[in-house]
Chemist: 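Below are the structure tokens for one structure; questions will follow.
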Amino acid sequence: MTTYTLLLVLILIVAIALILIVMVQNPKGGGLSSSFGAGAQNIGGVQNTNSFLDKSTWTLAISMFALILISNFAIPRGTSADAPQLDSALENVEVTTPTPPATPATKDSVQ
């Protein structure tokens with residue numbers, strides 16, 4: 001497996017994990033959950049869970065940013081050795097011009 005493929009797989013794994021972590025988090029601003037009686041969510045150590053989720057969100061976001069930047073350097077690029085092959089392939093292409101459609105025969109031209 002090439003380096004670029006490995007980085008793409010890692011980016012996908014981190015992206016899916018980031019989506020899941022964000023979906024698990026409780027909204028801090030209240031939003032819709034505050035109007036549905038979400039005041040009972042603060043019972044039983046939710047503060048520690050939020051701290052863990054916040055740290056993991058930042059860690060995954062920073063790692064995803066770093067993986068995307070690193071993958072830019074791992075992208076397979078064409079080399080100068082590919083250029084002559086492309087030139088020879090383009091020389092063998094035939095250029096054809098479209099022919100105009102035939103005009104339909106009229107009564108005057110038939111006689």
Side-chain angles (χ1 to χ4, degrees):
M1 190 177 335
T2 64
T3 306
Y4 184 66
T5 307
L6 179 67
L7 286 172
L8 285 179
V9 169
L10 286 174
I11 289 171
L12 286 174
I13 291 170
V14 169
I16 291 170
L18 187 59
I19 289 170
L20 292 175
I21 292 291
V22 168
M23 294 298 286
V24 168
Q25 290 183 7
N26 293 325
K28 291 186 175 67
L32 289 176
S33 66
S34 65
S35 63
F36 294 115
Q41 291 178 356
N42 292 332
I43 299 172
V46 173
Q47 183 63 34
N48 291 339
T49 305
N50 283 340
S51 176
F52 169 74
L53 292 175
D54 286 342
K55 288 178 183 177
S56 61
T57 301
W58 279 105
T59 303
L60 287 172
I62 290 170
S63 63
M64 185 171 192
F65 183 73
L67 284 171
I68 290 171
L69 286 178
I70 292 169
S71 70
N72 184 35
F73 297 110
I75 293 175
R77 298 188 183 351
T79 60
S80 59
D82 295 338
Q85 294 174 356
L86 179 63
D87 289 339
S88 64
L90 289 175
E91 288 174 0
N92 295 332
V93 174
E94 290 183 25
V95 178
T96 59
T97 58
T99 58
T103 57
T106 61
K107 288 184 180 181
D108 295 334
S109 64
V110 174
Q111 296 174 0

Chemist: Can you list every side-chain hydrogen bond (donor to acceptor under 3.5 Å, both in side chains) pair that touches residues 5-15, not counting sequence neighbours?
Modeler: T2-T5
Chemist: Could you tell me which non-hydrogen atom of S56 sits nearest to which non-hydrogen atom of I21, and how far apart they are?
Modeler: OG-CG2, 3.6 Å
Chemist: Check for me, please, whether V24 and L18 land in the same ILVMFWY cluster - side-chain distances under 4.5 Å, paths through other members count.
Modeler: yes
Chemist: Determine, using the 4.5 Å side-chain heavy-atom cutoff (strictly less than), whether F52 and V14 are members of one ILVMFWY cluster.
Modeler: yes
Chemist: When Ile, Leu, Val, Met, Phe, Trp and Tyr are grouped by side-chain heavy atoms lying under 4.5 Å apart, directly or through other members, which residues fall in the same group as Y4?
Modeler: L8, I75
Chemist: Give the table of side-chain donor-acceptor pairs shorter than 3.5 Å for residues 62-71, with sequence neighbours excluded, one pair per line with atom names and distance.
Modeler:
unit_1: S63; atom_1: OG; unit_2: T59; atom_2: O; d: 3.1
unit_1: S63; atom_1: OG; unit_2: L60; atom_2: O; d: 2.9
unit_1: S71; atom_1: OG; unit_2: L67; atom_2: O; d: 3.4
unit_1: S71; atom_1: OG; unit_2: I68; atom_2: O; d: 2.8

